[in-house]
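Input: a single structure, listed below in structure tokens.
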Amino acid sequence: MSAPQAEYVWGPATGVGSMPGGDAREAARTVTGSFEDFPYLAELPARGPGADMIGRTAGMLVEMYVHLEPSGWRFSDRPGRDTRRARSWLGEDLDALEEFTQGYTGPLKVQAVGPWTLAASLELRGGEAALGDPGAVRDLAGSLAEGLRSHLAEVRRRVPGAQVVLQLDEPSLTAVLRGQVRSASGYRTYRAVDRQVVEGTLREVMGAAEGPVVVHSCAPDVPFALLRRAGASGVSFDFSLLTERDEEAIGEAVEGGTRLFAGIVPGTDTALSDPAGSVMGVRTLWRRLGLNPGTLAESLVITPSCGLAGASPAYARAALAHCARAARSLADNPE
């Protein structure tokens, strides 16, 4: 289980993960400049295979290796060029982060793909997803937990004053729960995974963090209650995708001390409203749920709705700055 919420200090705003471009130092400079009290380790998928979220996390696995096929990432018997490249990109990103966080103390977020999205995305040798083989999923979860333990220890070594927050990216989680992940042929779907199995696997992987874990999904119908039971300290989501069906779970999460990472700023280029206007929907939701407006700032972290890999560099910088200003607006005027 993740450590109790009360032990941690959270910043008011942060990013989701990916940034445009391929310059690790520029990304680290932008992120640390935008979020002085909650920076994160930027991901730069535009650099190519191994810098993408699946390849990057697969490169963290222990005694499991992948290579790139035309259909996607597939397990290998031994580490090859693609695994080495993924690890090299990650090392470059850590070097840049270390450079721009000298003397930093406070929360620092790092991201990795969670076990269910990874299982839905990585192919076994025959070309089918690992998701279809319960034994493969168990092995993958164990390898991921071990790899994350090592990765987080490395981040703590490089930024010794940081309180490291792990974000698990699970965009495929709802599809896994509903049996909507398509097979290699595309003609069928994998059977829905039992919710208790999903929860137990997430709990195992979260246990590697030794600190708070946030689960991120910018898909609709995020399973808030399941994630909280599995031990998530926070849930990160696209605020624009919430429906009335989610409201009870949101209210329970807030009252239970779960931090909500509300994605209110679009992830691709658009005209941005004023920061106070961006959080109007959050204030409205709070009123509808009968929650105390004074708890807004302590319950929320403001983020973009999803990663910014598809944005222009100028928009990505503006979006991060907008999140920080919107969070200030919420703190200054919760009503």
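Just the heavy atoms: all of them, side chains too, but no hydrogens, waters or symmetry mates, feed the values below.
- Of the charged side-chain nitrogens involved, none lies within less than 4.0 Å of a carboxylate oxygen, so that Asp274 and Arg325 do not count as a salt-bridged pair.
- Val214 and Leu241 fall into different hydrophobic clusters, defined by Ile, Leu, Val, Met, Phe, Trp and Tyr side-chain heavy atoms under 4.5 Å apart, directly or through other members.
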Problem - Residue pair Val113, Ser121: steps toward the side-chain contact (heavy atoms from CB on, under 4.5 Å) verdict - result: CA-CA 10 Å; Val113 177; Ser121 305; 5.9 Å; no

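- Listed by first and then second residue, the side chain to side chain donor-acceptor pair (under 3.5 Å) pairs that reach into residues 55-66 are Arg56-Asp93, sequence neighbours excluded.
- For the 3.5 Å distance criterion, the side chains of Glu170 and Thr117 qualify, holding a donor opposite an acceptor.
- Not one N or O on the side chain of Thr105 forms a donor-acceptor pair closer than 3.5 Å with the backbone of Gly161.
- Between Leu177 and Leu226 there is a side-chain heavy-atom pair separated by less than 4.5 Å.
- Checked for salt-bridge contact, Arg25 and Asp95 miss the test: no charged N lies under 4.0 Å from a carboxylate O.
- Nearest heavy atom pair, residue Glu255 against residue Leu291, reads OE2-CD2, 3.9 Å.
- Between Val197 and Trp116, the shortest heavy-atom contact is O-CZ2, 3.7 Å.
- In plain terms, the two heavy atoms of Ala253 and Leu260 that are nearest each other are CB-CD2, 4.2 Å.
- Ala28 and Leu97 get closest at one heavy-atom pair: CB-N, 4.1 Å.
- Glu199 has no carboxylate O lying under 4.0 Å from a charged side-chain N of Arg195, or vice versa, which leaves the two without a salt bridge.
- In this structure, the side chains of Glu210 and Leu152 stay at 4.5 Å or more apart for every pair of heavy atoms.
- Proximity of a side-chain donor or acceptor of Arg228 to a complementary backbone N or O of Ser233 within less than 3.5 Å is not detected.
- When all heavy atoms of Val205 and Ala141 are compared, the closest pair comes out as CG2-O, 3.8 Å.
- Residues Leu168 and Leu148 have side chains in contact (heavy-atom distance under 4.5 Å, counting atoms from C-beta outward).
- For Arg259 and Phe261, the positive end is not near the middle of the six-membered ring at less than 6.0 Å and at most 45° from its axis.
- For the pair Leu272 and Pro266, the tightest heavy-atom approach, listed with the atom from each and the gap, is CD2-CD, 4.3 Å.
- You'll find the side chain of Glu69 reaches within 4.5 Å of the side chain of His67, heavy atoms only.
- Counting only N and O atoms by type, the side chains of Trp286 and Ser299 include no donor and acceptor under 3.5 Å apart.
- Side-chain contact annotation: Arg182 with Thr189, donor-acceptor N/O pair under 3.5 Å absent.
- Considering only heavy atoms from C-beta on, Gln111 comes within 4.5 Å of Tyr40 through its side chain.
- No donor-acceptor pair under 3.5 Å is formed between the side chain of Asp37 and the backbone N or O of Gly11.
- Under the 3.5 Å distance criterion, the side-chain polar atoms of Ser236 are left unmatched by any main-chain donor or acceptor of His216.
- Counting heavy atoms of neighbouring residues, nucleotides and ligands inside a 6.0 Å radius, atom CZ of Arg245 does not exceed 12 of them.
- With hydrogens and angles disregarded, no donor-acceptor distance shorter than 3.5 Å links the side chain of Thr101 to the backbone of Val159.
- If you check the side chains of Tyr104 and Glu36, you find no donor sitting under 3.5 Å from an acceptor.
- Screening Leu320, Asp23, Leu308 against Thr30 for a side-chain contact (heavy atoms from CB on, under 4.5 Å) leaves a single residue, Leu320.
- Between the side chain of Ser143 and the backbone N or O of Leu140, no donor-acceptor pair lies under 3.5 Å.
- Not a single donor-acceptor pair under 3.5 Å links the side chain of Lys109 to the backbone N or O of Gly17.
- Considering only heavy atoms from C-beta on, Pro212 comes within 4.5 Å of Gln163 through its side chain.
- Under the salt bridge (Lys or Arg N to Asp or Glu O under 4.0 Å) criterion, Glu123 pairs with Arg74, sequence neighbours left out.
- By the 4.0 Å N-to-carboxylate-O rule, Arg157 lies close enough to Glu154 to be salt-bridged with it.
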Practice task
Mind running salt bridge (charged side-chain N to carboxylate O under 4.0 Å, His left out) on Asp221 and Arg178 for me, showing each step along the way?
Solution key: CA-CA 11 Å; Asp221 299 317; Arg178 292 184 174 172; 3.1 Å; yes

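- Between the side chain of Glu128 and the backbone N or O of Ala184 there is at least one donor-acceptor pair closer than 3.5 Å.
- Ionic pairing of Arg29 and Glu99 is not present here: no N-O contact between side-chain nitrogen and carboxylate oxygen is shorter than 4.0 angstrom.
- Other residues, nucleotides and ligands place no more than 12 heavy atoms under 6.0 Å from the CZ atom of Arg138.
- Under the 4.5 Å side-chain criterion, counting only non-hydrogen atoms from C-beta, Leu44 is not in contact with Ser18.
- Here side chain to side chain donor-acceptor pair (under 3.5 Å) pairs that include residues 301-322, with residues two or more places apart or in two chains, are Asp269-Ser312, Ser278-His322.
- Among the candidates Leu227, Asp246, Thr174, Leu173, the single residue satisfying the side-chain contact (heavy atoms from CB on, under 4.5 Å) test with Val222 is Leu227.
- Here the side chain of Gln102 pairs a donor or acceptor atom with the backbone of Glu98 at under 3.5 angstrom.
- Two residues are said to be in side-chain contact when any heavy atoms from C-beta on lie closer than 4.5 Å; Ser217 and Phe237 fail this criterion.
- Transitive grouping of hydrophobic side chains (ILVMFWY, heavy atoms separated by less than 4.5 Å) keeps Phe38 and Val16 in distinct clusters.
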